[in-house]
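Data first, discussion second: the structure below is written as structure tokens.
Heads up: numbering here begins at 1 and tracks the sequence. Note that the structure is predicted; figures quoted are calculated from it, not measured.
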Amino acid sequence: MSETQMAGPPATPPPNPLAQFLPQRSAGLKLLLVCALALLMAIPALFVFGVVQDRRMGADRALEQISDSIGGRQSLLGPVLVLPYAKAVGPLTSDRQVFGHVIVFAETGDAKANIDVSERRRGIHSIPVFDASVSFRAKFDPAKLRDSLPEGAEPIWDDARLYLGVSDMRGIREAFLVTANGKDVSMEPALQTAPGQNGYTPVPRADIRLAGGRIEGLETETRPLEIAARIRITGADRFAIGPFAKDTSMTLTSNWNDPSFQGGKLPDRHNVGEKGVDGFTASWRVPYLARGIPGAGTNIDLSEVNAPGWRDMAVRFIKQVSPYQSVERALKYAAMFIGFVFLAWFLFEVTSRARAHPAQYVLVGLAQSIFYILLLAFSERIGFDAAFVIAATMTVGLISAYATSVFRSRKYGLRALGILTGIYSLIYVLMRAESQALLAGALASFAAIALTMYMTRNIDWYGSRVSRTPA
């Protein structure tokens, strides 16, 4: 008989008398590990945030490239009268002179703009561009030019001009057609040069480019001065007009269906895509007191009239919500949603015999990070809503199938499918309901913690074999 046959079965190791006191797998320690992993998995979301910023910069570069050819964001200044003056400082005529400008705004002004919007593509980016025909009507009191002169000032009538302003001259497509009381006014570019040796410059301060024209007989005119002007201009993304008169009205019509009204004054009335008609109409009125700028005065900075977001009447042509803005909003809640999924997997663990390794939690977290990249990539091409459906379906399907394999049960795969569908539906709600995002996120977080408390109420967190009895 061989030695193997004579040896018999291997001896059973003696029982450990302390085995009943040794801890099992501690659910409490595993939960702490899961929470730490959830926080660590938020780090890849920061890298995705960097990708979003880079793609946003690419869209801005596309806007700049198109603006180089047709003009960028446009802001217009309606008719304004300007009279330079000189004033001696000191009792002698040989003393130093100072120079300034009398600025007179129209008593009433009306602007009408008809804007045709189309889209131009630069790479994967689609940029709204517009072709605007704008007409101005303004009524001035020319006597205010003389009345507003400082005491002792001498007017320089040869340099008195009627000015119109455009923020980006590259967009001008036709010569300005301007009349004063029915007579044509020839308009020329007004260069804002540095003051000469004596400190004199005929052009007033302004952040926009000005075109000026001389009105014959302005120095002796006593009748109301009625100005009519017509401008055709192209641009991209945003169109605005400043309140160029003491009482300013503006009417704007366009074929664009997704306007975003901006500026210091929102429209009093607007009609967007109603009754099956494409485009929108909007009307504004800015009364004198709401404008916050005097009707006439010296050395008024014309930039104040067109201050963006402060006094201007503006509309931005956008395609619904920027995908970059929506993805950024979702990334702000990335840690919370990764935590939701990890809590779900932890509950699967404590209610099943299978155990998930920390590496498997990491893989699930990385899959959720890839979701944001998929969302960004698809939304640039097919729009945000369709991109969200595709990216969420891919991610939910992948993680649910993985849950079936990890927990060795189709039941847990179906549970994962239901829970993840709810989580990604919540993500969509948070991205679309911006004003209610905080409330929805807070309620969802509370519900997730409450459900976890309920599901784990009978768990022995210490993992000991000896149950503890109350004293």
Exercise. If you measure from CG on Leu76 to CD1 on Ile233, what distance do you get to the nearest 0.5 Å?
Worked result: 5.0 Å

For this session: Kindly give the heavy-atom pair with the smallest separation between Phe105 and Pro294, and that separation in Å.
Result: CD1-O, 3.4 Å

For this session: Nearest 0.5 Å please: distance from the OG atom of Ser167 over to the CD1 atom of Ile208.
Result: 7.0 Å

Seminar exercise, completed: Tightest non-hydrogen contact, residues Val203 and Ala190, listed as CG2-CB, 4.1 Å

Exercise. Is it true that Phe261 and Phe280 have ring centroids separated by less than 6.0 Å?
Worked result: yes

Problem set entry | Single hit among Ile115, Thr281, Ile241 for side-chain contact (heavy atoms from CB on, under 4.5 Å) with Leu252 | Ile115

For this session: Check the pair Gln368 / Ile399 against side-chain contact (heavy atoms from CB on, under 4.5 Å), numbers first and verdict last.
Result: CA-CA 9 Å; Gln368 290 180 272; Ile399 298 178; 4.0 Å; yes

Exercise. Side chains of Ser254 and Asp116: does their closest heavy-atom pair fall under 4.5 Å?
Worked result: no

Exercise. Which atom pair, heavy atoms only, marks the closest approach of Ala314 to Arg238?
Worked result: CB-NH2, 3.2 Å

Exercise. Is there a donor-acceptor contact under 3.5 Å from the side chain of Tyr288 to the main chain of Gly295?
Worked result: yes

Problem set entry | pair Lys265-Arg311: side-chain heavy atoms closer than 4.5 Å | no

Exercise. Are Asp258 and Arg316 within salt-bridge range, i.e. N to O under 4.0 Å?
Worked result: no

For this session: Could you please spell out the steps behind the side-chain contact (heavy atoms from CB on, under 4.5 Å) verdict for Val166 and Gln74?
Result: CA-CA 7 Å; Val166 175; Gln74 294 287 14; 3.5 Å; yes

Exercise. Is the shortest heavy-atom distance from the side chain of Tyr372 to the side chain of Ile370 under 4.5 Å?
Worked result: no

For this session: Would you mind reporting whether Leu420 and Ser400 have side-chain heavy atoms less than 4.5 Å apart?
Result: yes

Problem set entry | Note, Met394 side chain near Leu374 side chain (heavy atom, < 4.5 Å) | yes

Problem set entry | Sequence-distant partners of Phe342, ring-ring contact (aromatic ring centres under 6.0 Å, His included), two or more places apart | Tyr361

Problem set entry | Minimum-distance pair of heavy atoms, taken over all atoms of Val305 and Pro243 | O-CD, 3.2 Å

Exercise. Side chains of Thr248 and Trp284: closer than 4.5 Å at any heavy-atom pair?
Worked result: no

For this session: Ignoring hydrogens and angles, tell me if any N or O in the side chain of Gln360 forms a donor-acceptor pair with the backbone of His357 under 3.5 Å.
Result: yes

Seminar exercise, completed: Interatomic distance, CD1@Ile103 vs CD1@Ile293, rounded to 0.5 Å, equals 11.0 Å

Problem set entry | Where Leu210 and Gly165 come nearest, the two heavy atoms and their spacing | CD2-CA, 3.9 Å

Exercise. Does a salt bridge link Arg73 with Asp168, judged by any charged N lying under 4.0 Å from a carboxylate O?
Worked result: no

Report all side-chain donor-acceptor pairs from residues 127-138 shorter than 3.5 Å, counting only partners two or more places apart or in another chain.
| from | atom 1 | to | atom 2 | distance (Å) |
| --- | --- | --- | --- | --- |
| Asp131 | OD1 | Arg232 | NE | 3.2 |
| Asp131 | OD2 | Arg232 | NE | 3.4 |
| Asp131 | OD2 | Arg232 | NH2 | 2.6 |

For this session: Evaluate side-chain contact (heavy atoms from CB on, under 4.5 Å) for Val315 paired with Trp256, printing each intermediate quantity in order.
Result: CA-CA 11 Å; Val315 60; Trp256 190 251; over 6 Å; no

Exercise. Under the 3.5 angstrom rule, does the side chain of Thr234 hit a backbone N or O of Gly171 as a donor-acceptor pair?
Worked result: yes

Exercise. Nearest 0.5 Å, what's the CD1-CG distance between Ile227 and Leu164?
Worked result: 9.0 Å

For this session: Hey, could you give me each pair passing salt bridge (charged side-chain N to carboxylate O under 4.0 Å, His left out) that has a residue in residues 245-255? Not counting sequence neighbours.
Result: Glu107-Lys246, Asp247-Arg285

Seminar exercise, completed: Note: Asp312 and Ala240 closest approach over all heavy atoms is OD2-CB, 3.6 Å

Exercise. Do Arg205 side-chain atoms and Leu302 backbone N/O form a donor-acceptor pair below 3.5 Å?
Worked result: no

Exercise. Are Phe317 and Phe239 close enough that their ring centers fall under 6.0 Å?
Worked result: no

Exercise. Got Met313 and Val286 here, is their nearest side-chain heavy-atom distance under 4.5 Å?
Worked result: yes

For this session: Kindly compute the distance separating OG1 (Thr251) from CG (Asn114), expressed to the nearest 0.5 Å.
Result: 11.5 Å

Problem set entry | Any Ser379 side-chain heavy atom under 4.5 Å of Phe388 side chain | no

For this session: Walk me through it: do Val341 and Val364 pass the test side-chain contact (heavy atoms from CB on, under 4.5 Å)?
Result: CA-CA 8 Å; Val341 176; Val364 172; 3.6 Å; yes

